[in-house]
There are 2 protein chains.
Amino acid sequence: MQDKAIQAAKHLVGNSRSQIVNADLIAVVIAVTNGEPRSLTIEQAHALPSGPLELGHRSLQSGLRAWVERQTGHPLGYIEQLYTFADRDRTGDEHVQISISYLGLTREEQAERSATHGWRSWYDYFPWEDHRAGVPPVLPDILMPRLLAWAGDAQDPNMSHDRRQRVAYAFGLDDHDWNEELVLQRYELLYEAALVEEAVRGRDNGSPRSIPGRPMIADHRRILATAIARLRTKIKYRPVVFELMPPAFTLLQLQRTVEALAGRLVHKQNFRRLIEQQDLVEETGETMSATGGRPAKRFRFRQAILAERAVAGTKLPLSRT
Amino acid sequence: MQDKAIQAAKHLVGNSRSQIVNADLIAVVIAVTNGEPRSLTIEQAHALPSGPLELGHRSLQSGLRAWVERQTGHPLGYIEQLYTFADRDRTGDEHVQISISYLGLTREEQAERSATHGWRSWYDYFPWEDHRAGVPPVLPDILMPRLLAWAGDAQDPNMSHDRRQRVAYAFGLDDHDWNEELVLQRYELLYEAALVEEAVRGRDNGSPRSIPGRPMIADHRRILATAIARLRTKIKYRPVVFELMPPAFTLLQLQRTVEALAGRLVHKQNFRRLIEQQDLVEETGETMSATGGRPAKRFRFRQAILAERAVAGTKLPLSRT
DNA sequence: GGAGTTATACTCATAGCGAGCATAAGGAAA
DNA sequence: TTTCCTTATGCTCGCTATGAGTATAACTCC
């Protein structure tokens, strides 16, 4: 049917002119070990695993898996596309550089040391994002004063007010609460305010001020921020946390993992209630003699849930404790 | 700092080998007019506006805008990236074809007729998705029997059970409710079951059965499904509906728009409550003499909300009426 | 055996939301 | 003009989800 129309439209899709485009695949691979959320890095923790899309790759995902395994020896489980960026190629010739970024979740098992790659806490890159032990000092001591100064420095009062509003919203000032999902917004504000190294890099920055948070090459830290934001959002409505857990675990371990990701604490009893009433887990029968205190039952994720509901609603109880 | 490490990592990002990659930009442009959600199409409604990424484009977004305006004369407002796909190029030569798809929202104003492009109700492509007037007959009459037959036809009982589960979840059988967000899952199931034309296209399909839903070239219908799913999810927590509304509107018009998108009806009083208590709108002062019945107040979207909260929480009251 | 620590079970109060009833204010038909 | 139909708008009711706190239980370590 309508073959003519389809035929006529073909040229729009598979166009004949071949372009000069480079495509990179970039992976943010996350694991949580000992209550620390970590990201897989290469090049002395300055870059995310990545590599060009090649003809041998059957798909974007398989290409990504190949690169990560080649560079780090780590196989990937759950994978999800994050975002695609484009830049005029930095090499100067007329190329367009496309970066397709992915979020991957695994467990950090074979902790083999390597000079080139390794796991790094994501709070090394974003120290202002960890609110598990209260507001991190870097916020009130360094970032907030500078952000507010930056807002005040704006050309006209309107822009100043606008900046101030955005800062308040992103960082939970005034009547706003701290919203752990706004990782990217915060990073971008800090970038605008030249409070991250990437923003002043290469620029003639008069007095090099101490800037918190470890930088990365190119826009890798921005991609990491995107991944964290996505993950913090996603754990609230999809049972992805389990990708990060060992086969059996206690509810406290599960809670610590969630807290590590969210960067905030949750109410213990309510957390249990939520997890249990959603039938996400089942008891293994064993118990675990904890570090101290009453032994905890061990649970495993109910694989059945994937088949049954395919997508359940995992919810995170929030708390300001 | 760490300039050496950064330098060393450079080659991983801007790699020197240039690849043979084509990148297309594909747009799903949505408007809602007279209670019908419509998508901008070209080539006799068989394709989405699209075109190759070119060197002249400053960014992916601007490239996309350029293509849509060139092909349809329609300027775009809100834009959001959807997904990036890759296929081995169909032309056979060793190229990788990348498609970067976007969702755009506008209003269908200049309804200029054109032979090549136009607006088409998205329910022409997905007749099973419109539940505003109850369950569409195509579901019980045609699709469900065939889907269940397909599930039953599986090789082994396990696969059969699995298929049957997925169908039940996606289409709201058994104790599942109809979930309007699962547009893509439903399309993919129908594709797997060879119940959409794209799945049997080119294949030697013995008896050409009548298959519901208008097809599109390549995987454009799949992209449209992705867009609809995204939009149906998004209207529930972001005030994006307003991109589709005229400057002033009644609450019923707003409700009809939401219903058109969601493909289901909402409880009128609760809808008003939700909209009003969120301070998303303000009265213009005028009233509108409706088609029949008491005149309604007209409202406008509170732009302030964007600055104030940047991201508010718009919520859709669900209903099975 | 007592202190400290974690596990686990309940209770309570409230906000949000699905539903429905009731009234107001127009136009069209009788 | 009266009645009826239709949409607009206000308000109440009841349930559920969830934030928060209290009370035990079951171990380990002194």
Side-chain angles (χ1 to χ4, degrees), chain A residues 34-35 131 175 177-180 235-237 248-259 262 264-299 312-321, chain B residues 34-35 131-132 177-180 235-237 248-259 262 264-299 312-321:
Chain A
N34 300 327
H131 288 229
D175 56 340
D177 285 328
W178 173 263
N179 182 343
E180 73 277 1
I235 48 172
K236 290 179 187 161
Y237 64 99
F249 46 84
T250 68
L251 290 184
L252 184 59
Q253 288 172 328
L254 182 62
Q255 181 184 343
R256 292 294 176 232
T257 302
V258 165
E259 289 174 337
R264 72 185 319 181
L265 299 179
V266 301
H267 181 108
K268 185 173 190 166
Q269 294 92 323
N270 291 345
F271 180 80
R272 311 176 102 264
R273 176 174 63 188
L274 230 46
I275 297 297
E276 290 184 316
Q277 81 187 12
Q278 288 179 102
D279 281 324
L280 291 173
V281 297
E282 60 191 6
E283 302 184 11
T284 65
E286 316 156 281
T287 72
M288 168 115 177
S289 8
T291 22
R294 173 174 168 178
K297 290 182 189 160
R298 303 186 81 191
F299 292 83
T314 326
K315 297 182 183 174
L316 250 195
L318 297 179
S319 155
R320 34 222 95 245
T321 307
Chain B
N34 301 325
H131 287 227
R132 287 175 294 176
D177 285 328
W178 174 264
N179 182 341
E180 72 277 1
I235 49 171
K236 291 180 186 161
Y237 64 99
F249 47 83
T250 67
L251 290 186
L252 184 58
Q253 288 173 328
L254 181 63
Q255 182 184 341
R256 292 292 176 233
T257 302
V258 165
E259 290 174 337
R264 71 186 320 183
L265 301 178
V266 301
H267 181 108
K268 186 172 189 166
Q269 294 93 322
N270 290 346
F271 181 79
R272 309 176 105 265
R273 176 174 63 188
L274 230 47
I275 298 298
E276 289 183 318
Q277 81 186 14
Q278 288 179 100
D279 281 323
L280 291 173
V281 297
E282 60 193 4
E283 302 184 11
T284 65
E286 317 156 282
T287 71
M288 168 113 176
S289 9
T291 24
R294 173 175 169 177
K297 290 182 189 161
R298 302 185 82 191
F299 292 83
T314 325
K315 295 182 184 174
L316 249 195
L318 297 179
S319 154
R320 33 224 93 243
T321 308

Holding to side-chain contact (heavy atoms from CB on, under 4.5 Å), I want the full list of residues that pass it with [X], two or more places apart in sequence or in another chain.
X         : result
Thr287(B) : Pro295(B)
Gln269(B) : His267(B)
Arg294(B) : none

How many whole angstroms separate atom [atom1] of [X] from atom [atom2] of [N]?
X         : N       : atom1 : atom2 : answer
Arg272(B) : dG18(C) : CZ    : P     : 16 Å
Phe271(A) : dT18(D) : CZ    : P     : 13 Å
Glu276(B) : dC11(D) : CD    : P     : 11 Å

Distance criterion of 3.5 Å, no angle test: do you see the side chain of Arg273(A) paired donor-to-acceptor with the base of dG19(D)? yes
Nucleotide of dG20(C), dC17(C), dG18(C) approaching Asn270(B) most closely (side-chain heavy atoms): dG18(C)
Per Leu252(A) side chain, nearest of listed nucleotides dT6(C), dA23(D), dT11(C): dT6(C)
Gln253(A): what forms a side-chain hydrogen bond (donor to acceptor under 3.5 Å, both in side chains) with it, not counting sequence neighbours? none
Presence of Lys268(A) side-chain N/O under 4.0 Å of dA7(C) phosphate oxygens OP1/OP2: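 Lys268(A) to dA7(C) OP1/OP2: side-chain N or O found under 4.0 Å.
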Could you list by number each residue of residues 292-299 of chain B showing a heavy-atom separation from DNA chain C of less than 4.0 Å, or answer none if no residue does? Gly293(B), Arg294(B), Pro295(B)
For Glu276(A), give me all partners under salt bridge (charged side-chain N to carboxylate O under 4.0 Å, His left out), at least two apart in sequence or on another chain. none
